[in-house]
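Notes for the one structure printed next.
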Amino acid sequence: MTGSHPTRSRLTAALRPAAFGADPDGERMERIRRSPNFVNGVFVNPVGARTAPSGSMLKFASTYFRKEERVRRAPAGTVPVHPTTVADLATPPASGLRLTWMGHSSVLAEIDGRRVLFDPVWGQRCSPFSMVGPKRLHPVPVPLRELGPVDAVVISHDHYDHLDMPTIRALVRSHAMFVVPLGVGAHLERWGVPAERMTELDWHESTEVAGLTLTATPARHFCGRGLRNTQHTLWASWVVAGSGRRIYHSGDTGYFPGFAEIGAAHGPFDATMIQIGAYSEHWPDIHMTPEEGMRAHLDLQGGDPVRGIMLPIHWGTFNLAPHPWEEPAEGTVAAAKEAGANVAVPRPGQPFEPEQGLPLEPWWRAIAARPVTEVPAAAEGAAEPPVPAGPSGAGASAGPSGTGASAGPSGAGTSGATGKRPGATGGADPAMPIPQS
């Protein structure tokens, strides 16, 4: 065990909650030290980024805990989860590409006959603790056991709203390969993922799974899930290329010039899945606003707004930031209209094939805490297929995107149930967030 004391390491592991995962050591740590992205003992961003809240915490707290603001950070009614069935997902997509947004950053992508599951979080809270941390605002659309076979599980980084221990342990029983950023494999090993079913990649490295090429690409974020944040696990965005189609998943990231470089090297894309929620002026470098997300999409497409479609992710499922619950969706469709780009805004669990029309109904407006009355800002040139009214239910729960006991825009402990309006499907426990998602 290179660079660590075996007895001390075993004691630390025994005392550390399983949900915290494990720190890299041994050969894994040696590989991390050789990474060009590991500098002075930590992984670094492609461009500078502040990962701690900036500005006055007093100002942040006064905004965050104001009652009227808390109310707006959760839906005022039941989120209309799409009634996806096993049969829906068992039938292969006619066009060769189908996306199913499961909420937050979890997406099932069916591409050229293969199935890739990005950032699966099926837990009740995005938190290491069962009683504390952001709860789900809507139920999981499809139980894992009904999802069907998955070829690859892809993780963007190790924050709790992207890497969920119960979900990973359940997926170990599948035959999927796990493809993760460098260092994240230490968590998976502790949770029972066999080494032979796991591939760890540095930025710009690729692997093949079932005929698909998966490439880890840069992102502007950070990592960590324990009390001691060592920054020894990498964060990444992902490119998946099949025989005829290409897709991109941003993970969590602030805006940076690297999107254009990724697009030039790997694009254009049939679809991009872009983070557009949990942003704040207090952490401007690690999450994108809807306008920045649209700019990133255009960069990835070489500046051509009619190429491919954008699926907004990282919103709607957890209460992780001070902005109103519906604002990421509203901002995205407005930015798409201004750019002349194609955007899909499905309900959670609603499968769609980009080549056969895009879901554009502004379903979130009916349940926004403050009614949205603007004219729908749908992307130009996209057809809207009929959307069945699905049942909705009270939220199950899942967790944050932060390190251990503190959570962040996506971290454990955001807005409180005290701000939940009658009929709301969930809420979060009151606690000061630290940007971690």
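Computed from heavy atoms alone, side chains included, the values below leave out hydrogens, waters and symmetry copies.
In this structure the side chain of Trp238 reaches within 4.5 angstrom of the side chain of Leu201, judged on heavy atoms. Considering only heavy atoms from C-beta on, Arg115 comes within 4.5 Å of Leu89 through its side chain. Between Thr332 and Trp315, the closest side-chain pair of non-hydrogen atoms is not below 4.5 Å. Taking the side chain as every heavy atom from C-beta outward, Glu355 and Leu97 never approach each other to under 4.5 Å. Contact check for Pro354 versus Ile309: side-chain heavy atoms found under the 4.5 Å cut-off. Under the 4.5 Å side-chain criterion, counting only non-hydrogen atoms from C-beta, Phe259 is not in contact with Thr272. Inter-residue side-chain proximity for Tyr248 and His266 is flagged as unmet; no heavy-atom pair is nearer than 4.5 Å. No side-chain heavy atom of Glu327 sits under 4.5 Å from any side-chain heavy atom of Pro290.
Atom CG in Leu188 sits 6.0 Å away from atom CG in Leu163 (nearest 0.5 Å). Between atom CD of residue Gln275 and atom NE2 of residue His314 there is a gap of 5.5 Å, rounded to the nearest 0.5 Å. The distance from atom NE2 of His221 to atom CE of Met288, rounded to the nearest 0.5 Å, is 11.0 Å. Note that the CD atom of Glu353 and the CG atom of Asp270 stand 12.5 Å from one another [nearest 0.5 Å]. Atom NE2 of His204 sits about 8.0 Å away from atom OG1 of Thr217, to the nearest 0.5 Å. Rounded to the nearest 0.5 angstrom, Phe222 CZ and Arg50 CZ are separated by 13.0 Å.
A side-chain donor-acceptor contact under 3.5 Å links Asp304 to the backbone of Val306. For the pair Trp325 (side chain) and Ala76 (backbone), a donor-acceptor distance under 3.5 Å is absent. A donor-acceptor pair under 3.5 Å is formed between the side chain of His249 and the backbone N or O of Ser105. Put simply, the side chain of Glu326 never gets that close to the backbone of Ala368: no donor and acceptor are under 3.5 Å apart. At distances below 3.5 Å, not a single donor-acceptor pair connects side-chain atoms of Trp364 with backbone N or O atoms of Ile367. The closest donor-acceptor contact from the side chain of Arg220 to the backbone of Phe256 lies at 3.5 Å or more, if one exists at all. Side chain of Asn37 to main chain of Phe43: no donor-acceptor pair is present (N/O by atom type, distance under 3.5 Å, no hydrogens or angles). Listed for the Gln301 side chain is a donor-acceptor partner under 3.5 Å among the backbone atoms of Phe269. Using modelled atom types, one side-chain atom of Arg197 and one backbone atom of Val172 make a donor-acceptor pair closer than 3.5 Å. Side-chain atoms of Glu292 come within 3.5 Å of backbone N or O of Thr289 as a donor-acceptor pair.
Contact record, Pro328 with Gly277: CG-CA, 4.0 Å, taken as the closest heavy-atom pair. Contact between Ser237 and Ser250 at its shortest, heavy atoms only, is CB-O, 3.5 Å. Here the shortest heavy-atom pairing between Val121 and Ser106 reads N-OG, 3.1 Å. For the pair Trp363 and Pro346, the tightest heavy-atom approach, listed with the atom from each and the gap, is NE1-O, 3.3 Å. Closest heavy-atom contact between Ser206 and Thr213: CB-CG2, 4.1 Å. Heavy atoms only, all atoms of each residue included: Pro83 and Asp88 are closest at O-OD2, 4.0 Å.
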Begin with the C-alpha distance, continue with both residues' side-chain angles, and end with the deciding distance and a verdict on side-chain contact (heavy atoms from CB on, under 4.5 Å) for Phe352 and Arg98. CA-CA 6 Å; Phe352 71 96; Arg98 180 167 62 203; 5.9 Å; no

Which is it for Asp202 and Phe38 under the side-chain contact (heavy atoms from CB on, under 4.5 Å) test, yes or no, and what are the steps along the way? CA-CA 10 Å; Asp202 204 345; Phe38 194 73; over 6 Å; no

Show your working on side-chain contact (heavy atoms from CB on, under 4.5 Å) between Leu300 and Ile262 and close with a plain yes or no. CA-CA 6 Å; Leu300 289 160; Ile262 294 169; 3.8 Å; yes

Please lay out, stage by stage, how Thr317 and His138 fare under the test side-chain hydrogen bond (donor to acceptor under 3.5 Å, both in side chains). CA-CA 6 Å; Thr317 303; His138 63 79; 2.8 Å; yes

For the pair Ile168 and His187, evaluate side-chain contact (heavy atoms from CB on, under 4.5 Å) and give the outcome as yes or no after the intermediate values. CA-CA 10 Å; Ile168 296 298; His187 301 314; over 6 Å; no

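Within a 6.0 Å sphere centred on CZ of Arg295, heavy atoms belonging to other residues, nucleotides or ligands number 12 at most. No more than 12 heavy-atom neighbours from other residues, nucleotides or ligands sit within 6.0 angstrom of CD on Glu338.
Under a 4.0 Å N-O distance rule, the pair Arg31/Glu205 qualifies as a salt bridge. Ion pairing between a basic and an acidic side chain is recognised when a charged N comes within 4.0 Å of a carboxylate O; Arg225 and Asp158 show no such pairing. With respect to the salt-bridge test (charged N to carboxylate O, under 4.0 angstrom), the residues Glu189 and Arg28 qualify. Ionic pairing of Arg347 and Glu361 is present here: one or more N-O contacts between side-chain nitrogen and carboxylate oxygen are shorter than 4.0 angstrom.
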